[in-house]
Every structure is written in C-alpha cells, then in structure tokens.
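Notes follow the structure.
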Protein chains: 2
Amino acid sequence: METPHDTLFRTLADPTRRALFERLCRDGEQTVGALTAQAGVSQPAVSKHLAVLKTAGLVADRHEGRQTHYSAQLNALAPLIDWTSRMAGFWEGRFDKLEDLLNRMDQ
Amino acid sequence: METPHDTLFRTLADPTRRALFERLCRDGEQTVGALTAQAGVSQPAVSKHLAVLKTAGLVADRHEGRQTHYSAQLNALAPLIDWTSRMAGFWEGRFDKLEDLLNRMDQ
DNA sequence: CCAACCCATAACCCCAGAGTTATACGAAAA
DNA sequence: TTTTCGTATAACTCTGGGGTTATGGGTTGG
C-alpha cells in the first residue's frame, strides 16, 4: 500500500511535473495548451503529468468545450506539511518550530 | 543545474530512503548495521541510500572505530518548508495560511 | 457534412536508479 | 600477523516511468 506521503513525494519529485503544479499555483487555472506552451515537453507528456497530478489530488480539471482547464488543489499539500511538522517535532519543541516558520514567512 | 527543491524532492521520493531518514529523526543517531536490520534491503543498499541522503545534506556521518553513525540534519528541510509556504502564499493571505498551519499543528 | 482543433490514450523507446552479489578496505580482536 | 567484523565500493541486472510519435474521440467552425 502507498501512503499519502509516498504519493505526494513521488508525484512532486519530477521537475517537469512540479513546474506544472507551480505554474498552476502562481497563475491560476490554465488550459493544457497554455501549459504545454511553456512546459518544454510535448503535449502528450503534459497530459500524462496532469493525469498523475490529478490522481494525487494536486489538481482538478474542468471541461469547457474542447479544452480542459486545470487548477491547483492546495489542500492536497496537507500531508506534506504534516510530515514536515512531524519530522521537526521529533527534534525541537512546538514553539521553536512555530517561531521558525513565522520567521521564514516574514522574510 | 539542479535546485535545492529538485534535490530534496528527488531524495525523499524513494520510500526506503525516506524511511531511513524518518527513523533517524525519530530515534536519533544510528549505525549502518542498526539501520540495515530494519530497512528490509541489503546493507549495500542502505549505504547507497545514506550516501544520497548525505549528498542532499539530510544526514551527517560520524566515524567511530569501524562503525559509522548517521544522524538527521533537520536544517536541510528548510527548502521544502520554503516551497510549501510559497505555494500556499500564491493562494491565500498570510494570516489564513498561518491559521491553517496552527490548526494543523494543534491536532 | 467535413475540416480543423484540443486533448487523451496507445504503443513504443530509453535510461536513471534501486536492487542484488561480490569484493575491497580499515579497524578491532585473536 | 591473521582473522573477523563493519562499512563502502564495484559491477551488474532489471524495472519504473518519462519521453517520443501516432492515433482516437469529442467539439467547434466553415
């Protein structure tokens, strides 16, 4: 069986795929064509990556006529945050960890 | 060129390797033998994974006699936190995001 | 209806990398 | 010194999965 962490890390490990997800986070909903234009790989490759992202719950698709719009689903990152927090929790106290996060976000 | 995010995600994508890192976070410093005993793979495989983790800065090694002790380096997770925060930042305001993180840590 | 278009799927190639066994190397023990 | 132990490296195999081109399946426009 594959845990949510397995799925997330594996899905985000590929640079091309992660770039697609980042773009959807940055620029919002995009069509496959728009994504392909900047992906640096062929359209079928983009479609496959989007399918993987969808399976992982990281994106959602919306069909409109003959084009498909994809959008990022930020909730799917929750297991990643959980995992990081847990790893951090093994080390330092809760408040230290929080402080770190806040400082990091401030800069 | 490979960004810190690339390295981190790629390194943590493998379940066996991530399990090794998690164990080092949980139980602290461990010898290769101790890690091998629970890894479910051969000792050379464990050594290779540890080498990859070391290259990524996720672990440090300490030689004592004929055994090598490995320990987790939590600082190396910083780019992962940065990345997650940045993705979250594209979506919601800073306070909403913070609230989410706090809620998540509370449970 | 037919053509052009957008996207998904099929079929295939190729290689990075995770696993193995065998072996080399340094340190402790005999 | 010789042997045994702990770990790293070498050499190799093999599978997963990311890339490609070709094609299918709806959808819009002429």
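Proteins get letters first, then strands, A, B, ... in listed order; numbering begins at 1 in each. Basis for what follows: all heavy atoms, side chains included, without hydrogens, waters or symmetry-related copies.
Whole-Å rounding puts the A:Lys54 NZ to C:dA8 C1' distance at 11 Å. In this structure, the NE2 atom of B:His69 is 13 Å from the C1' atom of C:dA27, given to the nearest Å. Whole-Å rounding puts the A:Leu53 CG to C:dA8 C1' distance at 15 Å.
Heavy-atom minimum distance, B:Leu50 versus B:Val59: O-CG2, 3.8 Å. In plain terms, the two heavy atoms of A:Leu58 and A:Phe21 that are nearest each other are O-CE1, 3.3 Å.
In this view, A:Phe9 and A:Trp83 satisfy the ring pair (Phe, Tyr, Trp, His ring centres under 6.0 Å) rule, not counting sequence neighbours.
Donor-acceptor pairing under 3.5 Å is recorded for the side chains of B:Thr7 and B:Glu2. With no hydrogens or angles considered, no side-chain donor-acceptor pair links A:Ser85 and A:Asp82 at under 3.5 Å.
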Could you pull out the protein-nucleic contacts involving nucleotides 1-6 of chain C (nitrogen or oxygen on both sides, under 3.5 Å)?
from: C:dC5; atom 1: O2; to: A:Arg66; atom 2: NH1; distance (Å): 3.1

Each nucleotide N or O in nucleotides 16-20 of chain C that has a protein N or O under 3.5 Å away: list the pair and distance.
from: C:dA18; atom 1: OP2; to: B:Arg17; atom 2: NH1; distance (Å): 2.9
from: C:dG19; atom 1: OP1; to: B:Thr16; atom 2: OG1; distance (Å): 3.1
from: C:dG19; atom 1: OP2; to: B:His49; atom 2: NE2; distance (Å): 2.3
from: C:dG19; atom 1: N7; to: B:Lys48; atom 2: NZ; distance (Å): 3.2
from: C:dG19; atom 1: O6; to: B:Lys48; atom 2: NZ; distance (Å): 2.7
from: C:dT20; atom 1: OP2; to: B:Ser42; atom 2: N; distance (Å): 2.9
from: C:dT20; atom 1: OP2; to: B:Ser42; atom 2: OG; distance (Å): 2.7

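Residue pairs that meet the salt bridge (Lys or Arg N to Asp or Glu O under 4.0 Å) test with at least one member in residues 37-58 of chain B, sequence neighbours left out, are B:Lys54-B:Asp61. For residues 64-81 of chain A, every residue pair satisfying the salt bridge (Lys or Arg N to Asp or Glu O under 4.0 Å) rule, not counting sequence neighbours, is listed here: A:Arg62-A:Glu64.
The main-chain N or O of A:Leu12 is found under 3.5 Å from a side-chain atom of A:Arg18 such that the two form a donor-acceptor pair.
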Test log, rule salt bridge (Lys or Arg N to Asp or Glu O under 4.0 Å), inputs A:Arg10 and A:Asp6: CA-CA 6 Å; A:Arg10 185 178 45 74; A:Asp6 285 330; over 6 Å; no
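Once you apply a 4.0 Å limit to the heavy atoms of chain A, the touched nucleotides of DNA chain D run 5' to 3' over D:dG17 to D:dT28.
In terms of hydrophobic clustering, with Ile, Leu, Val, Met, Phe, Trp and Tyr side chains grouped at heavy-atom distances under 4.5 Å, B:Leu8 and B:Val52 are assigned to different clusters.
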